[in-house]
Amino acid sequence: MRTSYCGTLRAADAGREVSVCGWVARRREHGEHLAFLDVRDHTGVVQCVVARADAARPEHVVKVSGTVRLRPEGTANPSLSTGEVELADCKLEVLNAAEPPPFVLDGHAEVDEAVRLKYRYVDLRSARMQRNLRLRASVNSALRRAMERLGFVEIETPLLWTPTPEGAREFVVPSRLQHGSFYALPQSPQIAKQLSMVGGVDRYYQIARCLRDEDLRADRQFEFTQLDLEASFVGETDVRAFVTEAVKEAAEAVTGQRPPEFDQMTWAEAIARYGSDKPDLRFGMEITDVSGVLRASELKALRAASVKAIVHPGGASTGRARLDSLVERAKALGAAGLVWMRVVPGDGPGALEVDSPVGKYLSHGERSGVLAACGAAAGDLVLLVAGEHRRSCEVLGQLRLDLARPAVGTGGLRFAWIVDFPLFDGVDELGRPQAAHHPFTMPNPEDLELLETDPLAVRALSYDLVLNGWELGSGSIRIHRADVQRRVFSALGMGDDEVEARFGFLLGAFRYGAPPHGGFAFGIDRLVALLAGEENIREVIAFPKTQSGADPMTGAPGPLGARQLAELGIKIVG
RNA sequence: GGACCUGUGGUGCAGCUCGGAGUGCACGCCGGCCUGUCAAGCCGGAGGUCGCGGGUUCAAAUCCCGUCAGGUCCGCCA
């Protein structure tokens with residue numbers, strides 16, 4: 001039907017007889033005998049010269065046959081890939097007429113997302129969506145290449161799995177053959193892939209759809225896609241090397257450049273320096289501990305266990321209203337308060353003074369000590385939070401992002417491995433430790449004895465991959481011995497009966513020869529969004545859902561008919 | 001479960017604080033003119049449940065209450 005794609009024609013093609021197919025992007029009419037028609041396909045647009053264009057309205061589907069020729073002197077369009085040529089002596093065939101589209105696809109108007117989603121099939125024609133979908137495909141392709149090169153074998157795991165009421169809320173599917181029983185759609189193929197290790201697969205991977213019935217966000221959809229992998233007879237560094245290789249291959253496929261070595265720091269270091277377990281390393285403003293300087297301060301509030309500071313370079317010009325809102329923000333984040341200091345020149349060369357509500361309560365030595373400790377200079381803004389170590393760090397970590405985070409798509413790609421996560425993160429209302437990662441995570445062997453005595457201090461053999469402040473994914477070495485697994489379940493407050501009911505088949509498998517193994521999973525939607533410079537994963541998903549979980553195009557979710565409900569043994573009560 | 005922002009011809013906005021006739025801008029659409037444009041240009045035209053419901057008022061896009069939808073965030077996401 002066609003000989004060429006629209007966006008590929010160049011000066012070197014001059015003289016060729018070609019046919020292109022696509023959509024009418026735009027037309028420019030000059031009276032009876034001359035009109036220009038821009039025909040668009042996924043590769044771009046090409047200008048076709050026709051006598052009359054009445055029959056070809058925007059978004060009509062057309063086939064144009066003609067001769068490629070150089071445009072007349074002075075009429076080339078350098079902003080177009082095909083700007084040096086045009087199609088002349090055209091035969092125009094309308095393959096399908098179209099109603100005027102609900103919005104224009106010229107990339108200039110910012111169209112409301114709800115409208116775009118309702119007419120997603122039109123929206124997908126835009127250069128932006130075409131680019132994002134193809135970028136995503138090349139990421140998938142690169143990931144597969146890397147995994148195959150590393151000896152991983154692609155295995156499909158069930159979508160209809162058994163309910164495991166741990167972690168994220170599950171989507172469930174009623175069983176027609178066993179009324180009252182349900183399948184669960186997998187939050188991740190975690191257990192299946194571990195069983196594949198017991199099954200001697202050695203190296204498993206899958207580009208897996210995961211489903212979680214939790215509230216949606218800019219970086220979270222009900223269903224999302226992970227590169228999921230697991231390997232036997234490996235340690236932490238092996239797993240990280242596999243993932244690093246795959247991610248680098250994907251980034252290179254998109255950017256043309258192999259990314260530099262990934263940073264690596266411990267979880268404790270990430271919290272202390274950036275106030276986050278997913279630090280954005282594209283900029284500085286690291287947190288400084290100034291507790292020592294203020295230990296004997298007249299200000300009781302600053303004699304806390306831990307006083308932290310960040311410096312906002314050039315922030316001394318920040319107005320009172322803005323500072324007040326920062327104080328409110330800090331309180332909303334859980335800080336007792338926020339002390340700000342505008343750094344101004346003092347008397348004498350190089351001397352500094354502070355303009356701060358608490359300035360007069362601090363000695364000269366304390367004021368200069370704080371400035372020296374965090375390296376502040378005249379014109380900067382210093383923010384102090386006092387309280388418990390982790391909370392103070394996290395509050396300042398959030399303010400750091402609020403004040404200075406670079407826009408998505410700028411500042412390059414700063415990958416970082418965060419290692420040595422704690423095994424448990426806090427306790428629930430009954431005082432039981434909560435698994436930070438998942439309950440199959442191997443405790444650090446050095447900390448095994450703390451499982452029963454000080455569980456919150458136990459480090460895990462687990463690690464996260466972070467890119468520009470987004471958590472891409474996480475992984476761990478798994479427990480492969482039933483006795484250790486039982487101790488962890490016990491620390492989690494799960495009794496033998498409960499464990500048996502939920503994970504009996506997994507513990508059973510571990511009795512039949514489970515190799516040491518570990519793995520990882522990371523979100524492809526997030527990786528692709530960051531590589532595409534999008535701040536929302538919906539922009540890299542062909543048919544995403546809104547924040548309330550609806551699809552404006554299909555109307556999903558929708559009701560079931562009485563007959564279908566009866567077949568499933570389901571009665572709607574609310 | 002909660003906080004905040006948004007909702008006005010097909011699209012994007014302004015109008016809302018201080019109530020006074022659906023007022024305005026840009027794009028698109030329809031028709032006319034136009035032989036080198038390229039986000040073409042010029043002229044004309046059509047197109048409205050101001051998200052929805054209620055209240056206040058002589059009078060509501062505008063003020064108040066409720067509700068729905070979209071978005072950002074908190075909770076949630078082992």
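Taking atom CG of A:Asp213 as the reference point, atom P of B:C76 lies 16 Å away to the nearest angstrom. Protein atom CG of A:Asp425 is 11 Å distant from nucleotide atom P of B:C76, rounded to whole Å. Here B:C74 presents its P atom at 14 Å from CD of A:Glu214, a figure rounded to the nearest Å. The CZ atom of A:Phe222 sits 17 Å away from the P atom of B:C76 (whole-angstrom rounding). Look at CG on A:Asp219: it is 11 Å from C1' on B:C73, rounded to the nearest Å. For A:His438 and B:C77, the NE2 to P distance is 15 Å, given to the nearest whole Å. Between the CD atom of A:Gln187 and the C1' atom of B:C76 there is a distance of 13 Å, rounded to whole Å. The nearest whole Å value for the distance from the CZ atom in A:Arg57 to the C1' atom in B:G10 is 16 Å.
Across the P atoms, B:A26 and B:G41 are found 12 Å apart, a figure rounded to whole Å. With C1' as the reference atom, B:A46 and B:C64 are 37 Å apart, rounded to whole Å. Comparing the P positions of B:G19 and B:A60 gives a spacing of 13 Å, expressed to the nearest Å. Comparing the P positions of B:U17 and B:G71 gives an interatomic distance of 29 Å, to the nearest angstrom. When the C1' atom is used for both B:C16 and B:G22, the distance is 14 Å, rounded to whole Å. Spacing of C1' atoms, B:C25 relative to B:G15, comes out at 11 Å, to the nearest Å. B:G20 and B:G2: their P atoms are spaced 35 Å apart (whole Å). Between the P atoms of B:G54 and B:G45, the separation comes to 37 Å (whole Å).
Note on A:Asn536: only backbone sugar-phosphate atoms sit closer than 4.0 angstrom, heavy atoms only; bases stay farther off. Residue-level contact check: A:Gln434 touches neither bases nor backbone, having no heavy atom under 4.0 Å from any strand. Contact annotation for A:Pro58: backbone-only contact, meaning every heavy-atom pair under 4.0 Å involves sugar-phosphate atoms and none involves a base. Backbone-only engagement by A:Arg538 is indicated by non-hydrogen atom pairs under 4.0 Å involving sugar-phosphate atoms exclusively. Backbone-only engagement by A:Ala436 is indicated by non-hydrogen atom pairs under 4.0 Å involving sugar-phosphate atoms exclusively. Using a 4.0 Å heavy-atom cutoff across all strands shown, A:Pro439 reaches at least one base atom of the nucleic acid.
Ring-centre distance between A:Trp470 and A:Phe415: not below the 6.0 Å cut-off.
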Problem set entry | salt bridge (charged side-chain N to carboxylate O under 4.0 Å, His left out) assessment of A:Glu214 paired with A:Arg220 | CA-CA 9 Å; A:Glu214 298 289 352; A:Arg220 276 161 38 188; 5.9 Å; no

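Base pairing analysis places B:U67 opposite B:G51; the two distances defining the Watson-Crick or G-U wobble pair are each below 3.5 Å. Pairing for B:G41 goes to B:C33, judged as Watson-Crick or G-U wobble with the two contacts each under 3.5 Å. The partner of B:A61, taking Watson-Crick or G-U wobble pairs whose two distances both stay under 3.5 Å, does not exist in any strand shown. Nucleotide B:G10 has B:C27 as its partner under the Watson-Crick or G-U criteria, with both atom distances under 3.5 Å. Summarising the base pairing, B:G75 is matched to no nucleotide, lacking a Watson-Crick or G-U wobble pair whose two defining distances lie under 3.5 Å.
Annotation: cation-pi pair A:Arg240/A:Phe520 absent, no NZ/CZ under 6.0 Å from the ring centroid and within 45° of its normal. Cation-pi check for A:Arg432 over A:Phe424 is not met; the charged atom does not lie both under 6.0 angstrom from the ring centroid and within 45 degrees of its normal.
Under the 30°/60° scheme for interplanar angles, the aromatic rings of A:Tyr119 and A:Tyr121 are found to stand perpendicular. Classification of the A:Phe489-A:Phe503 ring pair by plane angle, with boundaries at 30° and 60°, yields parallel. Taking the six-membered ring where the residue is Trp, A:Trp267 and A:Phe421 present tilted rings, their angle falling between 30° and 60°.
Distance alone, capped at 3.5 Å, is enough to place a donor-acceptor pair between the A:Thr82 side chain and the A:Val45 backbone.
Between the base of B:C76 and the side chain of A:Arg220 there is a donor-acceptor pair shorter than 3.5 Å.
When the options A:Gln485, A:Glu230, A:His517 are evaluated for a side chain to side chain donor-acceptor pair (under 3.5 Å) with A:Arg478, the one that passes is A:Glu230.
One distance of note links CG of A:Asn77 with CD of A:Gln47; it measures 8.0 Å at 0.5 Å rounding. Separation of atoms NE2 (A:His312) and OG1 (A:Thr318) is listed at 6.5 Å; rounding is to 0.5 Å.
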For this session: Produce a footprint string for nucleotides 32-40 of chain B: one letter per nucleotide, 5' end first; B if the base is under 4.0 Å from any protein heavy atom, S if only the sugar-phosphate is, - if neither.
Result: --BBBBBBB

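Every residue was checked against the side chain to side chain donor-acceptor pair (under 3.5 Å) condition with A:Glu84, not counting sequence neighbours, and none meets it.
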What nitrogen or oxygen pairs link the protein and nucleotides 1-5 of chain B at under 3.5 Å?
residue : atom : partner  : partner atom : Å
B:G1    : O6   : A:Asp215 : OD2          : 3.4

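Of the residues near RNA chain B, A:Ser188 and A:Glu110, the one whose nearest nucleotide (by heavy atom distance) lies more toward the 5' end is A:Glu110.
Proximity of A:Ser548 to the phosphate of B:A69: no side-chain N or O atom is located under 4.0 Å from OP1 or OP2.
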